[in-house]
Amino acid sequence: MTVARDLIGKGLYLRRGRQEFLVELVEVEAYLGPLDPASHAYRGPTPRARVMFEDGGLCYAYLSYGINYCMNVVTGRQGTGEAVLLRAAVPLAGVPAMRHNRGLGEDASQYLLTNGPGKLCQALGIDLRYNGKDFFRDDFKWVDLGKAVPPDAIAATPRIGITKAKDEPLRFVLRESRWLSRKFQV
DNA sequence: TCTATGATCGTA
DNA sequence: ACGATCATAGAG
């Protein structure tokens, strides 16, 4: 949870072939493991959730609603099943490719690029092949963007799109960001 | 601005 | 059958 908070404002870089992407994370959600009924780890290390139980630093990617992909950072030690869902980001590099991946024209609002977990993955070209990849290798890189994010710039709110444990404030957002999947309410 | 709905498929 | 989503349609 404090790990999730620390991801706000971090830069994530991805290279695929000749394409390079860089985004700044502005919205994440913590999923706490087997005791969290909203987590995919709730039923233990099933085939889908297996990488959630690996050591931290891996990518847990899955198909959501048969339509979109979503990506997580595994954050616990081996066996704990903790992960953080990446929900929204600011596009910093590779914007034309993201626009293409999203099927958006030049005139479409820039905020539609990466303001949701499915949109973020589509923009970056993330699919099931990225499940189990290492965010510290495998063409990913964490980038220090050099911005200090003061604690009061980050807000904690309930998680989105879940039915169980919906009241825990485990979604972390950069308060004033225009790139959130939903506007932060006071 | 909001609520409802359909698309679509891996997982359990 | 369900779901850590999204885009669209229609009402107010």
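This structure is a prediction, so every number in the text was calculated from the model and none was measured. We use all heavy atoms of the structure for the numbers below, so side chains are in, but hydrogens, waters and symmetry mates are not.
Rounded to an integer number of Å, the gap from Y42(A) OH to dC2(C) C1' is 16 Å. Distance Y69(A) OH to dT8(B) P: 13 Å, rounded to the nearest Å. Spacing between atom CZ of R159(A) and atom P of dG3(C) amounts to 15 Å, rounded to whole angstrom units. Nucleotide dA4(C) holds its P atom 19 Å from the CZ atom of F172(A), rounded to whole Å. Distance, E27(A) CD to dA4(C) C1': 11 Å, rounded to whole Å. Distance I126(A) CD1 to dA4(C) C1': 16 Å, rounded to the nearest Å. One interatomic measurement links the two molecules: NZ of K166(A) to C1' of dG3(C), which rounds to 13 Å at whole-angstrom precision.
Within the 6.0 Å centre-distance limit, the rings of Y62(A) and H40(A) are counted as a close aromatic pair.
The one candidate from T157(A), I154(A), V84(A) that meets the side chain to side chain contact (heavy atoms under 4.5 Å, CB included) condition with F172(A) is I154(A).
For CZ of R99(A), the number of neighbouring non-hydrogen atoms (other residues, nucleotides, ligands) closer than 6.0 Å is greater than 12. The number of heavy-atom neighbours closer than 6.0 Å to CZ of F140(A), taken from other residues, nucleotides and ligands shown, is above 12.
When the nucleotides dA4(C), dG10(B), dA12(B) are ranked by their closest atom to the side chain of P47(A), dA12(B) comes out on top.
Taking the centre and axis of the six-membered ring of Y31(A), the NZ or CZ atom of R159(A) falls inside the cone set by 45° and 6.0 Å.
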Give the dot-bracket line for DNA chain C from 5' end to 3' end: parentheses for intra-strand Watson-Crick or G-U pairs under 3.5 Å, square brackets for crossings, | for inter-strand pairing, dots for unpaired. |||.|||||||.

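Taking Ile, Leu, Val, Met, Phe, Trp and Tyr as members and joining any whose side-chain heavy atoms lie under 4.5 Å apart, directly or through other members, I160(A) forms no hydrophobic cluster with any other residue.
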What string of B, S and - do you get for nucleotides 5-12 of chain C 5' to 3' if you count protein non-hydrogen atoms under 4.0 Å? BSS-----

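A donor-acceptor contact under 3.5 angstrom links the side chains of R16(A) and Y130(A), judged on distance only. Checked by atom type, the side-chain pair Y13(A)/E20(A) shows a donor-acceptor distance below 3.5 Å.
M71(A) comes within contact range of no nucleotide atom at all, as no heavy-atom separation falls under 4.0 Å.
Contact annotation: T46(A) side-chain N/O to dA12(B) OP1/OP2 distance is under 4.0 Å.
The CD1 atom of I126(A) sits 11.0 Å away from atom CG of N131(A), with the distance rounded to the nearest 0.5 Å.
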